[in-house]
Undergrad: 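Have a look at this one before I ask anything.
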Amino acid sequence: MGIEAVNSRIAQIQSRIIAMQTQQATAPKQASPGTSATSGSGSTFATALADAMGTQSSAGVAKSYSLNSKGIPTELAGYGNGKIPANALAKVGDTGHKLWAPAAESLNRMIADAKAQGVKIGITDSYRSYGEQVDVARRKGLYSQGGLAAKPGTSEHGWGMATDLDLNNKAQAWMRANGEKYGFVENTPREPWHWAFKPKAL
Ligand SMILES: [Zn+2]
């Protein structure tokens, strides 16, 4: 980036800071949907700065990851489907459910933002070990044969990259409008509850 571009970015950021200071002075309680999970002027400022720099969306799908040709983070691919160690997973809220840590973090933020907007998102399934995938396939049948389970060792749940949500009509509509901002996409026909986490590639 040339010096002129840098100067123009700095001017852009300075004007955002002035705008924010003015906004805070005149409307201290102002809050917008994308920032409801943050608190205090520090994080609001950080969000504004990141937006100005174009490095982070306000919904927070910020980081990008090294992905293999199938879109699986290389960190996870190294462990193997259904064999993700506990230290690569994180809890979803205070439930017993776990996902790959960045997916859990984004899901937690999404659930909190939805709640702030009066939308309840429940969770019924998350990471599945290989053994659990075998069990689900036995109980629900293989998807390829009209059932609802992936072939063991291939499920997105086995990467800690998918969650099954408990959604009423309002929440289903909210997810279809907002899920992608948090990295979650509805990608399986016949399973409107199944949401896969799709991080940005480096
Ligand atoms: Zn699922």
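Both counts, for ligands and for their atoms, begin at 1 and track the order of listing.
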Undergrad: For the Zn ion (ligand 1), check which protein N, O or S atoms are under 2.8 Å away and list them.
TA: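 Only His157 NE2, Asp164 OD1, His194 ND1 fall inside 2.8 Å of the Zn ion (ligand 1).
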
Undergrad: Would you call the rings of Tyr65 and Trp100 parallel, tilted or perpendicular, taking 30° and 60° as the class edges?
TA: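 Because their plane-to-plane angle is over 60°, the rings of Tyr65 and Trp100 count as perpendicular.
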
Undergrad: Go through the side-chain N and O atoms of Glu132 and His157 and say whether any donor and acceptor fall under 3.5 Å apart.
TA: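 Their side chains do not contain a donor-acceptor pair, so the 3.5 Å distance test is not met.
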
Undergrad: Without hydrogens or angle criteria, can the side chains of Glu156 and Asn187 be said to hold a donor-acceptor pair below 3.5 Å?
TA: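 Yes, side-chain donor-acceptor contact under 3.5 Å.
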
Undergrad: May I have the list of side-chain donor-acceptor pairs in residues 144-154 shorter than 3.5 Å, sequence neighbours left out?
TA:
residue: Thr154; atom: OG1; partner: Lys151; partner atom: O; Å: 2.6

Undergrad: Restricting to salt bridge (Lys or Arg N to Asp or Glu O under 4.0 Å), what partner residues turn up for Arg139, sequence neighbours left out?
TA: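 Only Asp135 meet the salt bridge (Lys or Arg N to Asp or Glu O under 4.0 Å) criterion with Arg139.
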
Undergrad: Listed by chain and number, what are the salt bridge (Lys or Arg N to Asp or Glu O under 4.0 Å) partners of Asp125, not counting sequence neighbours?
TA: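 Only Arg128 meet the salt bridge (Lys or Arg N to Asp or Glu O under 4.0 Å) criterion with Asp125.
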
